Amino acid sequence: MGYIICIAILLIILFISLKPKQKQKVIPLDKVLIPEHWHQILVEHILFYKKLTKNEQQLFKAKMVRFLENTTIEAIHFELEELDTLFIGASAIIPVFRFPNWNYCNLSTVLIYPDYFDEDLQFSNTKKGRYCRFGRHR
């Protein structure tokens, strides 16, 4: 009798774990709403985007929107601006642009830190021995 109960429990667990997961409703890329002012910003600052055809630029922006909708971007000790967000989105799309169905399924948050920190990873621009994006300052 105990074997039957164990088998029934295992079958229930197996059924639940193999049950297909509900897919998240995905809007086709050609239906994604894209802010109009992004085009000019991207043309001015992102050479990769500038060299794309008009259709590829639309696809690029749609992929950026999809990335930014699914990824949280947090600024640490500074105010995040729209340009920062666009740079992050473009940086995520450029390496995978030619992969048609690529998405960052294992990336949920991007943390952006200021360009200065010391050996203890404290953010202080007055302390000796601080680091910045161009190397160590003494």
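Computed from heavy atoms alone, side chains included, the values below leave out hydrogens, waters and symmetry copies. This structure is a prediction, so every number in the text was calculated from the model and none was measured. We count residues from 1, following the sequence as given.
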Undergrad: Identify, with sequence neighbours excluded, every residue that meets side chain to side chain contact (heavy atoms under 4.5 Å, CB included) alongside K54.
TA: H39, Q57
Undergrad: Who pairs with E74 by side chain to side chain contact (heavy atoms under 4.5 Å, CB included), at least two apart in sequence or on another chain?
TA: T72, T109, L111
Undergrad: For residues 99-110, which residue pairs pass the salt bridge (charged side-chain N to carboxylate O under 4.0 Å, His left out) check, not counting sequence neighbours?
TA: none
Undergrad: Working to the nearest 0.5 Å, report the span between CG of L86 and CG of L68.
TA: 7.0 Å
Undergrad: For residues 96-107, pull every pair meeting side chain to side chain donor-acceptor pair (under 3.5 Å), keeping only residues two or more places apart or in separate chains.
TA: E56-R98
Undergrad: If you count heavy atoms of other groups shown closer than 6.0 angstrom to CD of E44, is the number above 12?
TA: yes
Undergrad: Can you confirm whether M64 sits close enough to I34 that some side-chain heavy atom of one is under 4.5 Å from a side-chain heavy atom of the other?
TA: no
Undergrad: With sequence neighbours excluded, give me every salt bridge (charged side-chain N to carboxylate O under 4.0 Å, His left out) pair touching residues 100-114.
TA: none
Undergrad: Can you pull the side chain to side chain donor-acceptor pair (under 3.5 Å) pairs that have at least one residue in residues 78-91, sequence neighbours excluded?
TA: H37-E82, W38-E82
Undergrad: Measure the shortest side-chain to side-chain distance between Y49 and I93 over non-hydrogen atoms and say whether it is less than 4.5 angstrom.
TA: no
Undergrad: Sequence neighbours excluded, which residues qualify as side chain to side chain donor-acceptor pair (under 3.5 Å) partners of H45?
TA: none
Undergrad: Can you list everything that forms a side chain to side chain contact (heavy atoms under 4.5 Å, CB included) with F48? Sequence neighbours excluded, please.
TA: I46, L52, F60, I94, F97
Undergrad: Calculate, to the nearest 0.5 Å, the distance between atoms OG1 and CD belonging to T53 and Q58 respectively.
TA: 10.0 Å
Undergrad: Working to the nearest 0.5 angstrom, can you tell me the gap between I112 CD1 and I88 CD1?
TA: 3.5 Å
Undergrad: Are the side chains of V65 and E69 in contact, using a 4.5 Å heavy-atom criterion?
TA: yes
